[in-house]
K.L.:
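This is the structure I have questions about; it appears just below.
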Amino acid sequence: MTIKSTLILILSLLVLACSDNGKTSSLNTKELLYNQYAYQTNTPKKALLRGSGQYFNLKDAQGNVVHKGRIWEASYWPLSGDSVSIIDFTALNTEGYYCLYVDDQIICDSIHISNNAYNEVAKASLKAFYYNRTAMPLTQQYAGKWAREAGHPDTKVYIHRSAASKEYPEGSEVSSSGGWYDAGDYNKYIVNSSITSYTLLKAYDLAPKYHSNLNVNIPESGGELPDILAETLYNLKWMQTMQDDNDGGVYHKLTSKKFEDFVMPHEATKKRYLVQKSTSAALDFAATMCAAQRVYQDFETTKLLSKTMLSQAKEAWGWAMKNPSVFYVQPSDISTGAYSDTSLVDEWFWAASELYLSTGDKMYLKYIQENEELLNTPKWDVVNTLGIISLITSEAANEFTHLSELFISYVDNLIILQEQTPYIVGLDKFEWGSNSDVANQAVLKLVAYHITKEKRYLNSANEDYNYIMGRNATSYCFVSGFGKKSPQYIHHRPSAADNIKEPIPGFLIGGPNTIVLDDCGSDVKRSHFPALSYIDMECSYSTNEIAINWNAPLVLTTSILDAYEIE
């Protein structure tokens, strides 16, 4: 354990000593839970109060009361183990910083209302992908104080025995350079890269004009491609190298045999391997390449590349047709992320949907129809909804009106749950990456708004944003570098090893869950209330890790909310 980790452990134990053995949180008599960065002026604006109160008022910088109202009756939430009351100041639409008083007692002195509540978070969450690039140095011009040497060129990667073939026997050397580190570790995984890349592409697709003007200061800024497409292309080009050009199969991951220590990327020097081809990797690859092909064909510098993407997608589909049930099985000598999945109905649906939209070939309709499933909030292993999103937002949407109806019905149910929950969030369970569930729910609502132009979807997505930015049971703003209280000790190797106090900004951490409670050892107890089961410690990979597939929906949510406000 590092000195930094030891200090964090001691501090956490001191906090837990005052918190009833981690079963409940140590609460102030009155505590405000609110968006710690900024509320957008013309949106619903709500905060939550722990503790009793009858009325509230907001005062401006000169001490003038600018808004006042009654506090809602408190409601109990079993998932947080506490009761909260809603403080609604939606009617206050004047920019500024305000002090909030409850029954004439000051509770908070930094509520910010702004006409620009999303833009900086949108830029930082996209820039976070640049900070996770492999195989290139991050220079001070673009990375500031988080500049670092290049890590993992991956120009000499070895074929693992699980991936061996006649053309590439075990131990063969291949090159698979570029792409993003997947999460807090230094490995690269196709299935997770796929949903991540797709989500970023969809963010551009929903607001191309906005993203064409969004500059996040990366090396490609100012070129033909908007920054979001340039950044995504850096990863897509790596994904292309993961296909075996002999048979069209796609390797599941590029990894060291074990996770690297908490060192800087250039200091992590374990051998790297291409590990096993899988059907899930092939189908996710095919879907992503088709989605990318339709975007990049519109740019002169990527026209030819887009044709290659479509060709590779067809080859991956062909391999999957011949190998429909090759599930990833973790080899005995590999212990990094498995991303294994034995239910591929959703992958078949997604790949068929994207191939149909890219080719117009009716043969893919058969696979769309045969693999249709109930909608769900997207995750790396639940991707059928991605195919539905593509279909119902495409020029072929009229062919899939029943899917549009199912989609809107699912989103409406999310809003009902959100409105019935004291914390104004559509969660009824806290699984791994619960914050990404909130962000992906916002994505679905923004797609619903794109289709219907009904503002309730926009408002509901904004409530999800407010949850992420601090209006939640932990009272943390879950985006690094933002808010009065945000994670400082994220499970992210570059942030932990760079000797810089602040973590790299713009990362959405995983958030509360009770799937794993002992990742920091038996001496560190987390709350058994799911919504409170979070700890800001480097060792807590279950709650404080970052991941590219969690950041992508944050990019989409903040950028599309910002784009709609600009319109």
Side-chain angles (χ1 to χ4, degrees), residues 129-138 148-165 167-194 196-197 233-247 249-278 280-282 284-285 288 312 316 326 328-340 380 491-498 541 545-549:
F129 287 92
Y130 166 74
Y131 289 118
N132 248 32
R133 287 191 189 185
T134 73
M136 70 175 296
L138 307 187
R148 61 168 172 81
E149 295 182 42
H152 300 96
D154 288 336
T155 52
K156 184 181 290 187
V157 178
Y158 301 93
I159 297 292
H160 187 265
R161 56 180 168 78
S162 64
S165 63
E167 293 82 8
Y168 293 111
E170 179 182 359
S172 300
E173 292 183 9
V174 295
S175 178
S176 185
S177 189
W180 304 310
Y181 295 123
D182 176 72
D185 63 297
Y186 287 140
N187 303 306
K188 300 184 285 192
Y189 310 84
I190 282 293
V191 294
N192 213 38
S193 266
S194 295
T196 302
S197 299
L233 188 60
Y234 191 82
N235 192 63
L236 289 167
K237 286 182 175 180
W238 164 71
M239 289 181 65
Q240 290 182 287
T241 71
M242 291 289 283
Q243 184 174 50
D244 184 344
D245 54 9
N246 293 291
D247 63 7
V250 180
Y251 300 105
H252 194 79
K253 62 179 178 177
L254 189 163
T255 180
S256 52
K257 289 189 173 183
K258 296 181 179 180
F259 287 116
E260 293 277 5
D261 293 332
F262 275 72
V263 297
M264 292 300 287
H266 68 280
E267 298 171 329
T269 56
K270 288 183 172 69
K271 283 186 176 181
R272 313 256 288 174
Y273 298 86
L274 295 187
V275 182
Q276 193 199 318
K277 296 169 189 172
S278 71
S280 58
D284 284 358
F285 176 93
T288 305
Q312 286 187 284
V326 180
Y328 179 75
V329 178
Q330 187 89 304
S332 59
D333 60 339
I334 303 286
S335 60
T336 55
Y339 287 105
S340 48
W380 65 265
H491 186 92
H492 179 237
R493 280 160 175 78
S495 291
D498 61 8
Y541 57 83
E545 189 169 13
I546 62 91
I548 54 174
N549 64 310

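Numbers here are sequence positions counted from 1.
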K.L.:
Give me the atom names and distance for the closest heavy-atom approach of S193 to M239.
P.N.:
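That closest heavy-atom pairing would be CB-SD, 3.9 Å.
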
K.L.:
Within the 4.5 Å heavy-atom criterion, are L254 and T241 side-chain neighbours or not?
P.N.:
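No, side chains not in contact.
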
K.L.:
Has D244 got a side-chain atom pairing as donor or acceptor with N246's backbone, closer than 3.5 angstrom?
P.N.:
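Pair found, side chain donor or acceptor close to backbone of N246.
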
K.L.:
Are a donor atom and an acceptor atom from the side chains of T336 and T255 found within less than 3.5 Å of each other?
P.N.:
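Short answer, yes.
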
K.L.:
To the closest 0.5 Å, what do you measure between CZ (F129) and CD1 (I548)?
P.N.:
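So the gap between those two atoms works out to 6.5 Å.
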
K.L.:
In Å and rounded to the nearest 0.5 Å, what is the CZ to CG distance from R161 to D333?
P.N.:
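So the gap between those two atoms works out to 4.5 Å.
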
K.L.:
Do you know the tightest heavy-atom contact between A316 and Q243?
P.N.:
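Taking every non-hydrogen atom into account, N-NE2, 3.4 Å.
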
K.L.:
Just so I know, are the side chains of K257 and K270 near enough to count as touching, which here means a heavy-atom distance under 4.5 Å?
P.N.:
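Counting from C-beta outward, K257 and K270 never come under 4.5 Å.
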
K.L.:
Between K277 and V326, is a side-chain contact (heavy atoms from CB on, under 4.5 Å) present by the stated rule, with each step listed?
P.N.:
CA-CA 8 Å; K277 296 169 189 172; V326 180; 5.7 Å; no

K.L.:
Does the side chain of S278 pick up a donor-acceptor pair with the side chain of S280 at under 3.5 Å?
P.N.:
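Yes, side-chain donor-acceptor contact under 3.5 Å.
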
K.L.:
According to side chain to side chain contact (heavy atoms under 4.5 Å, CB included), who are the partners of T134, at least two apart in sequence or on a separate chain?
P.N.:
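Result, side chain to side chain contact (heavy atoms under 4.5 Å, CB included) vs T134: Y181, K188.
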
K.L.:
Apply ring pair (Phe, Tyr, Trp, His ring centres under 6.0 Å) to W238 and list each qualifying residue two or more places apart in sequence or on a separate chain.
P.N.:
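With sequence neighbours excluded, W238 shows a ring pair (Phe, Tyr, Trp, His ring centres under 6.0 Å) to no residue whatsoever.
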
K.L.:
For Q276 and H252, indicate whether the former's side chain and the latter's backbone hold a donor-acceptor pair under 3.5 Å.
P.N.:
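Judged by distance alone, no pair lies under 3.5 Å.
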
K.L.:
Is there a donor-acceptor contact under 3.5 Å linking the side chains of N192 and Y339?
P.N.:
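Note: N192 and Y339 side chains meet the donor-acceptor criterion.
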
K.L.:
Distance check, rounded to the nearest 0.5 Å: F262 atom CZ versus S495 atom OG?
P.N.:
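Rounded to the nearest 0.5 Å, the CZ-OG separation comes to 10.0 Å.
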
K.L.:
Using the test side chain to side chain contact (heavy atoms under 4.5 Å, CB included), find all partners of D185 that sit at least two apart in sequence or belong to another chain.
P.N.:
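Partners of D185 by the side chain to side chain contact (heavy atoms under 4.5 Å, CB included) criterion, ordered by chain and then number, come out as D182, A183, N187, Y189, F259, R493, E545.
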
K.L.:
Regarding D498 and R148, does a basic nitrogen lie under 4.0 Å from an acidic carboxylate oxygen?
P.N.:
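No, no charged N to carboxylate O under 4.0 Å.
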
K.L.:
At their closest point, which heavy atom of H152 faces which heavy atom of A268, and how far apart are they?
P.N.:
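The answer is NE2-O, 3.2 Å.
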
K.L.:
Is it true that a side-chain atom of Y186 and a backbone atom of V263 form a donor plus acceptor pair closer than 3.5 Å?
P.N.:
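Confirmed, Y186 side chain pairs with V263 backbone.
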
K.L.:
If we check side chain to side chain donor-acceptor pair (under 3.5 Å) with S197, which of these qualifies: D284, T288, N235?
P.N.:
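So the option named by the test is N235.
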
